[in-house]
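Down below is the structure, laid out as structure tokens.
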Amino acid sequence: MAGRESDREVLAGQQNGSAARKPAPATVVVCEDGPVIIRGDYDLRSQTDEPIDPQRKTIALCRCGRSLQKPFCDGSHIWARGVTHGDRSNRT
């Protein structure tokens, strides 16, 4: 992350009035009963530190463990949620 300002540097600049707030390099959104959505500039790696090419700027990472495309979400949590509650009407 060389060349990027730390949060403290950005905050200090704001307090001094010398710098406008810079957007975060990545935005992470945790969806209730769903995936983690990551948007922006990020570096995705495996647990062995191997790079994973996401092939896009916005990705959804599986949290339920049922995806057939791990680490990416394939929507399996929707089907799993229906089975858990005994409702299979939302299956495709």
Side-chain angles (χ1 to χ4, degrees):
M1 303 241 285
R4 293 186 181 159
E5 289 182 75
S6 71
D7 290 339
R8 281 188 193 155
E9 290 170 326
V10 171
L11 184 57
Q14 287 177 333
Q15 290 173 345
N16 296 337
S18 63
R21 175 115 169 95
K22 293 184 179 182
T27 301
V28 178
V29 178
V30 179
C31 300
E32 183 178 343
D33 296 328
V36 172
I37 307 293
I38 302 176
R39 294 182 180 95
D41 185 21
Y42 56 87
D43 187 25
L44 187 61
R45 295 191 169 270
S46 71
Q47 65 186 19
T48 59
D49 203 33
E50 296 293 320
I52 297 174
D53 181 8
Q55 302 178 351
R56 57 191 58 146
K57 285 287 193 185
T58 299
I59 59 170
L61 297 178
C62 176
R63 290 193 311 146
C64 75
R66 292 180 173 93
S67 175
L68 297 177
Q69 299 176 354
K70 289 181 189 97
F72 305 104
C73 176
D74 67 359
S76 294
H77 59 276
I78 296 169
W79 181 80
R81 182 176 44 217
V83 170
T84 301
H85 298 296
D87 175 14
R88 294 177 184 234
S89 63
N90 62 357
R91 280 193 344 192
T92 55

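The chain is numbered in sequence order, starting from 1.
For R63 (side chain) and C31 (main-chain N/O), a donor-acceptor pair under 3.5 Å exists by modelled atom type.
Cluster membership check: I59 shares its hydrophobic cluster with V30, using side-chain heavy-atom separations under 4.5 Å among Ile, Leu, Val, Met, Phe, Trp and Tyr. Linking Ile, Leu, Val, Met, Phe, Trp and Tyr residues whenever their side-chain heavy atoms come within less than 4.5 Å leaves I37 and F72 in two separate clusters.
Taking every heavy atom of both residues into account, S67 and S76 meet most closely at CA-OG, 3.9 Å. Of all non-hydrogen atoms in Y42 and T58, the two that sit nearest each other are OH-N, 4.3 Å. In terms of heavy atoms, I52 sits closest to S46 at CD1-N, 3.7 Å.
Annotation: the span from K70 atom NZ to L61 atom CG amounts to 12.5 Å, rounded to 0.5 Å. We find the SG-CG distance between C64 and D74 to be 7.5 Å, quoted to the nearest 0.5 Å.
Applying the salt bridge (Lys or Arg N to Asp or Glu O under 4.0 Å) rule to pairs touching residues 45-55 yields D43-R45, R45-D49, sequence neighbours excluded.
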